[in-house]
Structures are given as structure tokens and as C-alpha cells.
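Read the numbers this way: they start at 1 and go in the same order the structure lists the ligands and their atoms. Quick note: residue numbers are just sequence positions, from 1. As the structure is a prediction and not an experimental result, all values here were calculated from the model. Atom set for the values below is all heavy atoms of this structure, side chains included, hydrogens, waters and symmetry mates excluded.
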Amino acid sequence: MISENTSDFKSLAERPRAYLCRRFTPAVEAALRERFDLAVNEDDAILPPEEMVRRARDAQVLFVTATESLRAPALAGLPQLKAVATLSVGHDHIDLQAAQAAGIAVLHTPDVLSDACADVAMMLLLNACRRGLEGDRLVRSGAWQGWAPTQLLGMGLQGKVLGIFGMGRIGRAIAERARGFGLQVHYHNRSRLEPTLAQGASYHATLDGLLAASDILMVAAPGAPALRGVLDAGRLALLRRGAVLVNISRGDLVDDEALIAALRSGQLRAAGLDVFANEPRVHPGYRELDNVFLTPHIGSATEETRDAMGWLLIDGLEALADGRQPTNRLC
Ligand code: DGY
């Protein structure tokens with residue numbers, strides 16, 4: 001999908017006009033101010049598409065995140081735009097075909113966030129399996145009566161099957177960590193990985209096959225329209241009774257009603273969720289459940305990672321300006 005044509009971008013002025021839709025880390029913002037004639041959404045509120053278009057109308061470069069939706073009508077409202085740089089690896093919020101058709105380059109931030117996201121995936125997994133929310137609540141409440149042999153018993157990890165749905169860069173970083181916890185790694189991907197990447201993980205040609213084999217399901221597949229609601233009631237029923245589900249990808253891959261029903265009935269023991277359909281409006285059913293550990297989409301939220309993501313976008317834009325092909329270009 002990558003266009004060979006970088007000439008449009010090369011013709012930009014020394015300091016292209018750019019609009020920053022969300023506040024980036026101070027180091028990255030300082031670097032952007034040096035390189036661009038930069039206007040900033042100072043209060044960092046999420047911008048609806050019409051407002052983003054109004055503010056960025058003259059921008060040649062637009063910095064967005066997964067909270068900004070860039071569909072064809074918004075792109076059409078930005079006639080000066082030559083490049084979009086999204087501070088995310090996911091790009092389901094951008095219509096790449098429309099961008100390509102309009103000659104707009106799109107850059108994202110793969111690789112540099114894989115370790116941070118994998119760390120949060122393990123945090124969710126551990127908290128779901130070992131009842132982190134209930135333990136924290138018990139200590140904070142002052143109601144804890146002391147150690148007890150049957151208190152807050154969770155699920156052990158040794159020898160259990162971790163089924164990773166989506167064995168890309170983040171999925172593989174999760175697998176690496178999971179092996180250290182004694183988990184057996186299985187995965188489902190569109191295609192089988194080479195042995196050096198699979199590192200002994202067992203491949204399932206179908207998602208249903210992976211679900212039937214998993215004690216813990218890790219959702220790490222990229223967000224995409226074709227995957228919306230893929231984990232519906234029928235698929236969740238394929239998991240072993242008492243299984244655990246973790247989602248580090250995009251909320252809309254999971255049918256919320258079905259997951260909440262499975263958590264209520266005991267079909268699933270617990271879940272750990274960092275992402276939600278319609279963020280930040282989280283389905284209220286999750287808030288009522290003690291067996292769900294929730295975090296507010298913080299997979300890549302470390303200082304080091306957010307700096308690295310910003311620098312990757314800057315490097316990519318500099319490559320475009322030099323007539324080189326950035327490694328992080330989507331189209
Ligand atoms: C990503 O990089 O896609 C994260 O989910 C943040 O949006």
C-alpha cells in the first residue's frame with residue numbers, strides 16, 4: 001500500500017505547518033516545536049472530527065492518536081495535508097485507503113511499544129488470575145482479618161495454556177514473558193510463524209481451535225473492521241469453563257454483553273481489560289464485577305515508550321522530507 005511518491009512532501013517549506021491533536025511528552029513536543037510551525041490542542045481534550053478539521057484546516061502535517069477518527073470526510077476537509085503521524089501502532093482510526101487516494105502519507109509507531117504493552121498484558125493476566133482487585137480492596141477497606149488458608153484462591157499459571165490471538169510483535173513479546181511464568185504458549189494468526197519467531201509455540205489454524213485449547217486467552221490481534229465482535233457468545237463458549245480472558249488490543253473485538261454474561265455465570269473465571277469498545281464509555285456491567293481487572297488503555301504508557309513513539313514519528317517525517325522511505329509508513 002506504501003506509495004513511492006515522496007515528492008509532495010519534499011516540496012514542503014522548511015518548517016511545515018503542523019497541528020498536534022493531543023499533548024505529547026515534553027521532550028517530543030519541544031522537538032516538534034523546533035521542526036514545525038506547530039499549533040497545539042493545548043487543553044488536550046479529545047477532538048470530534050469536525051472540530052479537528054476546523055482547527056487543523058491549514059495543517060500540512062497532522063499529529064493524532066487513536067482517540068482521533070480520520071475517515072474520508074475529515075481527510076477531505078484538510079486540503080493542505082501531506083502527512084498524518086499517529087502516536088499509536090494501531091491504525092483502525094484512520095481510513096488508509098482514503099489517505100492513499102488523497103496522496104497523504106500515514107506514519108505509525110510499531111516495535112517501540114511492544115515491550116511496554118506486553119508488560120501491561122502480563123499485569124492484567126496476573127491480576128485476573130490472582131484476584132488483584134479483590135485483594136487490594138480487602139486491604140484498603142480495613143476489613144482484612146489476616147492470612148487464611150482458603151482466602152482469595154486464584155488460578156495457578158504453571159503448565160496452563162496461554163492462547164495468544166494475534167502473534168505479531170506484541171503477541172511475541174507477551175509469549176516471551178509468559179514462558180518465564182511456566183505457561184505453554186499456543187497461538188492463532190493468519191499464517192504460521194517461522195520457527196525462530198514461534199519459539200516453540202503451538203499453532204492453531206483457526207481461532208476456534210485456539211479457544212478450545214486455552215486456559216487463558218490473550219487478545220493481541222490488531223483492531224480491524226473484520227474483527228469487530230469476533231469474540232461473541234458462541235466463541236466465548238468454546239473456551240474451557242473457568243478460563244480467563246485478557247484484552248490488550250481493541251475493545252471492539254469482544255462482544256461486551258457476551259463477556260459480561262460469561263463472567264457472571266462462571267463460564268469465565270476472570271478477565272483483564274485495558275481496552276474497551278467506545279472508549280472512554282466503558283460498559284457499566286464491568287464496573288459491577290469483582291472478577292474483572294480494568295486499566296484505562298495504558299499499554300504503551302511509560303515515559304520511555306511515549307518518548308520513543310514520538311521520536312519514531314519525527315524520524316519518519318524527516319525521512320519523508322529527505323525523499324527516503326520511512327520504515328514506519330503505512331501508506
Ligand atoms: C496503540 O498504539 O495502538 C495503543 O493502543 C494506543 O493507542
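- Contact of the Leu253 side chain with the Phe165 side chain is registered, since non-hydrogen atoms from C-beta on lie closer than 4.5 Å.
- Nearest protein heavy-atom neighbour of atom 4 (C) of ligand 1: His297 NE2, 3.5 Å.
- Taking every heavy atom of Ser88 and a limit of under 4.0 angstrom, the matching atoms of ligand 1 come to 1 (C), 2 (O), 3 (O), 7 (O).
- Scanning all protein heavy atoms for the shortest distance to atom 7 (O) of ligand 1 gives Ala66 CB, 3.3 Å.
- Residues Lys82 and Val61 are not in side-chain contact: their nearest non-hydrogen atoms beyond the backbone lie 4.5 Å or more apart.
- Protein heavy atom closest to atom 2 (O) of ligand 1, with residue, atom name and distance, is Val89 N, 2.7 Å.
- Under the 4.5 Å side-chain criterion, counting only non-hydrogen atoms from C-beta, His186 is not in contact with Met218.
- Within the structure, ligand 1 has Arg250 among the residues with a heavy atom less than 4.0 angstrom away.
- Geometrically, ligand 1 and Met309 share no nitrogen or oxygen pair separated by less than 3.5 Å.
- Contact annotation: the side chain of Phe36 approaches that of Leu317 to within less than 4.5 Å [non-hydrogen atoms, C-beta and beyond].
- Under 4.0 angstrom from ligand 1, there are no non-hydrogen atoms of Thr65.
- Proximity of His93 to Ser88: side-chain heavy atoms (C-beta onward) are separated by under 4.5 Å at one or more points.
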